[in-house]
Amino acid sequence: MNKKNIAFIALLTALIMPVGCKKDFLSRDSSFQATADATFRKSTDVVALVNSIYDGYQNSDLLKKSIWYYANFTTHDFYNYGADIAWNNYQINSDFGALSTFWNNAFITIARANAAFKIIATAKENGVVTAALADRLTGEAYFLRGMSYYYLAGSFGGVPLELKSETDGLTPRSSQDEVFKQVVADMKQAETLLVSKATLDKKDLGRATKGSAYAYEGAAQMWLKDYAAALTAFNSTELTSNYHLLPNFADVHEFSNQNNDESIFEVQFEVSGSQSWDGGWQNGGEVAWIDDFSWPEEISNFGYDYANPGLWYSYQAGDKRKALTVLGPGDQNISPGIIAKWGGIKGYPAVTGGFANGDARFKADDGTIINTCGTLTKPWYGVSDQKRSGYYNAKKWRDPQLTGGTGSQIIFGSQNQILMRYAEVLLSRAECKVRTGDVAGAMADLKIVRDRAFGGVAPAVMQDGLTYDGKASTPITDPLQMVLSEYRHELTAEYSVFYDLRRAGPGVASAFIKAAYGTDATSTPQPYPYGPTADGLLHGVWKTTLPEGRDILPIPQAAIGLNPNLTQNPAYGK
């Protein structure tokens with residue numbers, strides 16, 4: 001069988017896979033399992049078809065090990081522990097499994113969207129769906145295709161533009177700009193078809209809206225350096241009237257506050273299946289292991305990603321985002337949901353059991369049961385080999401139902417994953433204003449975000465708390481650097497920061513990371529130079545400088561094997 005047929009069959013297989021989706025608006029009967037004429041005879045069938053496109057993102061490997069890893073490990077804000085440590089010194093190669101997961105899931109989503117356009121049009125023509133419903137569903141398909149290309153181009157550079165339902169899978173790569181132009185086109189089309197958040201039925205909460213499309217269009221225009229067009233998108237009343245910052249930053253990521261008024265688009269999850277490594281999918285569940293895998297090994301038996309101590313030091317004094325983003329030795333988890341359920345860290349099964357057994361790791365320095373993420377004298381470096389930094393991700397420690405691999409072993413949770421929120425739109429809009437000479441306007445947008453961060457009025461002078469090595473920082477006065485700093489402090493541990501840094505232009509990301517963390521030519525972990533973890537030992541902190549050309553990922557070798565017209569990114573050889 002030739003490669004052309006293999007590629008076609010791979011796409012066809014993707015289209016006929018049974019899938020399931022989440023919450024009230026997503027039917028669990030989504031299917032491409034028969035011919036269009038036989039399957040799409042009812043309105044609910046066509047809705048289920050589009051639900052199947054959303055389903056492409058309900059995948060922990062795609063969200064966590066692909067998009068999240070790229071957005072956060074590449075910045076050195078976070079590191080990997082385990083089989084994927086190649087992220088820590090930028091040694092990802094084209095055989096790396098997460099790349100194929102990323103590529104395949106994105107193109108499955110694109111293929112499903114392409115297949116949907118004709119089916120929806122036929123269903124509309126035959127009276128199976130109303131014109132209004134057909135428009136909305138078509139808009140959702142355009143949005144999801146455009147969003148998929150947004151993350152593909154942001155991560156890999158140029159990729160093949162597959163825009164038809166019939167394909168031989170041998171399309172060569174388009175340029176990065178060509179792909180982002182297609183993102184803009186898809187989002188503009190979606191803007192005309194999607195419903196406004198203001199008129200979205202509550203049962204459809206979680207679906208793409210006009211505001212979602214404007215947010216991603218603006219972001220794509222920034223990649224194309226058309227900052228005026230980006231401003232037009234960001235200033236749409238679909239965004240400015242329908243979304244706003246929540247007054248309290250703590251509420252943004254709380255488990256009890258999903259799909260809130262700041263969230264523009266988030267991937268929906270639901271626990272309705274088994275707690276098993278098949279994800280419960282065979283039982284209709286849509287669950288994820290994304291969150292507790294970030295917790296300390298002492299709590300969860302996992303700890304597969306952890307924070308750079310320098311991120312903790314970098315927050316300006318008084319910034320309330322710090323304790324809600326990164327926990328270090330001696331810090332409490334202040335999530336309202338965690339406190340209500342467990343009383344904080346002290347209530348978790350690993351802690352109560354360990355303290356009862358006399359384990360020193362679970363004693364505070366005064367001998368009482370610990371209620372902090374390790375202590376200043378006994379940081380939590382991990383149980384097995386002390387190869388973590390002692391600092392962890394507080395944004396992903398919000399689901400009170402989870403216990404990780406301890407206690408009742410509730411590993412798989414239903415925390416939705418926010419891909420775009422209004423704070424990012426405001427920061428992106430500020431960057432656009434800097435680029436177009438409206439510095440005063442940019443400062444006004446920054447102030448909106450920073451005032452919320454400080455619980456009232458932010459300091460007039462912006463500067464980091466300390467440098468990574470504990471020295472006094474200097475004020476940040478360059479407007480662009482102010483925006484970049486806010487991307488980091490507002491959005492780290494989410495799905496955006498490295499994309500926003502790379503979008504700012506060649507070399508910007510590498511220079512920003514070097515300034516933040518003092519990166520150099522080393523490619524192995526280094527002892528940390530300051531603070532409670534500066535004991536001269538190795539605790540999983542890399543200082544590797546981002547090499548030229550490795551700000552984008554290699555094209556998966558498996559994809560090149562199926563499509564000989566694909567070329568590899570130069571930094572990764574041929």
Side-chain angles (χ1 to χ4, degrees), residues 72 75-78 245-253 306-336 339 344-345 365 371-377 379 389-395 397 423-424 426-427 430 442-494 497 501 512-518 528-534 541:
N72 292 283
T75 65
H76 275 340
D77 284 349
F78 289 84
L245 298 191
L246 301 185
N248 186 352
F249 184 76
D251 293 334
V252 175
H253 299 285
Y306 54 90
N308 190 326
L311 176 64
W312 190 93
Y313 299 132
S314 73
Y315 279 87
Q316 190 168 0
D319 191 333
K320 295 180 179 298
R321 295 173 298 190
K322 177 181 179 179
L324 294 157
T325 300
V326 56
L327 297 179
D331 287 344
Q332 295 188 26
N333 186 316
I334 63 171
S335 161
I339 292 171
I345 290 172
D365 288 342
N371 198 30
T372 59
C373 185
T375 71
L376 294 173
T377 58
S389 68
Y391 294 77
Y392 298 92
N393 181 355
K395 283 185 178 176
W397 197 343
E424 183 170 2
L426 289 173
L427 295 177
M443 295 302 103
D445 281 343
L446 285 182
K447 181 173 171 56
I448 295 171
V449 176
R450 282 176 54 77
D451 281 352
R452 194 263 300 269
F454 285 84
V457 178
V461 175
M462 180 191 294
Q463 65 186 101
D464 286 353
L466 293 173
T467 62
Y468 74 96
D469 52 359
K471 296 182 175 62
S473 61
T474 57
I476 305 171
T477 57
D478 177 80
L480 179 59
Q481 293 302 316
M482 289 175 147
V483 174
L484 300 184
S485 176
E486 279 301 298
Y487 282 144
R488 178 192 185 199
H489 291 114
E490 178 72 24
L491 300 170
T492 191
E494 299 180 41
V497 174
L501 292 176
F512 182 84
I513 297 164
K514 184 176 182 64
Y517 295 124
Y528 208 75
Y530 176 75
T533 62
V541 177

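It should be emphasised that the depicted structure is a prediction, and the values quoted were computed from it without experimental measurement. Hydrogens, waters and symmetry mates are skipped; everything else that's a heavy atom, side chains included, is used.
- The shortest heavy-atom contact between I513 and H76 is CG2-CD2, 3.9 Å.
- Nearest heavy-atom pair across T372 and Q332 is CG2-CG, 3.8 Å.
- Inter-residue side-chain proximity for M482 and L446 is flagged as met; some heavy-atom pair is nearer than 4.5 Å.
- Within the 4.5 Å cutoff, side-chain heavy atoms of P459 are placed close to those of R450.
- Inter-residue side-chain proximity for L501 and L484 is flagged as met; some heavy-atom pair is nearer than 4.5 Å.
- Between the OH atom of Y528 and the CG atom of D469 there is a distance of 7.5 Å, given to the nearest 0.5 Å.
- Going from atom CE of M462 over to atom OG1 of T477 covers 10.5 Å, rounded to the nearest 0.5 Å.
- Not one N or O on the side chain of D451 forms a donor-acceptor pair closer than 3.5 Å with the backbone of I448.
- Contact of the V326 side chain with the N393 side chain is not registered, since no non-hydrogen atoms from C-beta on lie closer than 4.5 Å.
- Side-chain atoms of S389 never come within 3.5 Å of backbone atoms of P309 as a donor-acceptor pair (strictly under, hydrogens ignored).
- Taking CG of N308 as the start and OH of Y313 as the end, the distance is 9.5 Å to the nearest 0.5 Å.
- For the side-chain hydrogen bond (donor to acceptor under 3.5 Å, both in side chains) test, no residue two or more places apart in sequence or in another chain qualifies with Y468.
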* Asked: Step by step, would you call Y530 with T467 a side-chain contact (heavy atoms from CB on, under 4.5 Å)?
  -> CA-CA 10 Å; Y530 176 75; T467 62; over 6 Å; no
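- Remark: R452 engages E490 in a salt bridge, criterion side-chain N to carboxylate O under 4.0 Å.
- What you find for G310 and R488 is that their closest heavy atoms are O-NH2, 3.9 Å.
- Distance check: L426 CG to K447 NZ gives 13.5 Å after rounding to the nearest 0.5 Å.
- Checked against side-chain hydrogen bond (donor to acceptor under 3.5 Å, both in side chains), Y315 has no partners two or more places apart in sequence or in another chain.
- Residue P475 comes nearest to V461 through the heavy atom pair CB-CG1, 3.6 Å, listed as atom of the first residue, atom of the second, then distance.
- Contact record, P532 with L376: CB-O, 3.6 Å, taken as the closest heavy-atom pair.
- If you take CG on N333 and SG on C373, they are separated by 8.5 Å, rounding to the nearest 0.5 Å.
- Side-chain contact between L491 and E494 is present, with at least one heavy-atom pair separated by less than 4.5 Å.
- The closest side-chain donor-acceptor pair between D77 and Y517 falls under 3.5 angstrom.
- You'll find the side chain of T75 stays beyond 4.5 Å of the side chain of F512, heavy atoms only.
- Side-chain contact between W397 and I345 is present, with heavy atoms from C-beta onward closer than 4.5 Å.
- Distance check: W312 CH2 to Y392 OH gives 15.0 Å after rounding to the nearest 0.5 Å.
- Pairing each heavy atom of Y391 with each of P329, the nearest pair is CZ-CD, 3.4 Å.
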* Between D445 and L427, does a side-chain contact (heavy atoms from CB on, under 4.5 Å) hold up when you go through it step by step? -> CA-CA 7 Å; D445 281 343; L427 295 177; over 6 Å; no
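- When the side-chain hydrogen bond (donor to acceptor under 3.5 Å, both in side chains) test is applied to S314, the partners found at least two apart in sequence or on another chain are H489.
- Each of K322, R321, Q316 was compared with D319 under the side-chain hydrogen bond (donor to acceptor under 3.5 Å, both in side chains) criterion, and only R321 meets it.
- Side-chain contact check for D464 versus I476: some heavy-atom pair is nearer than 4.5 Å.
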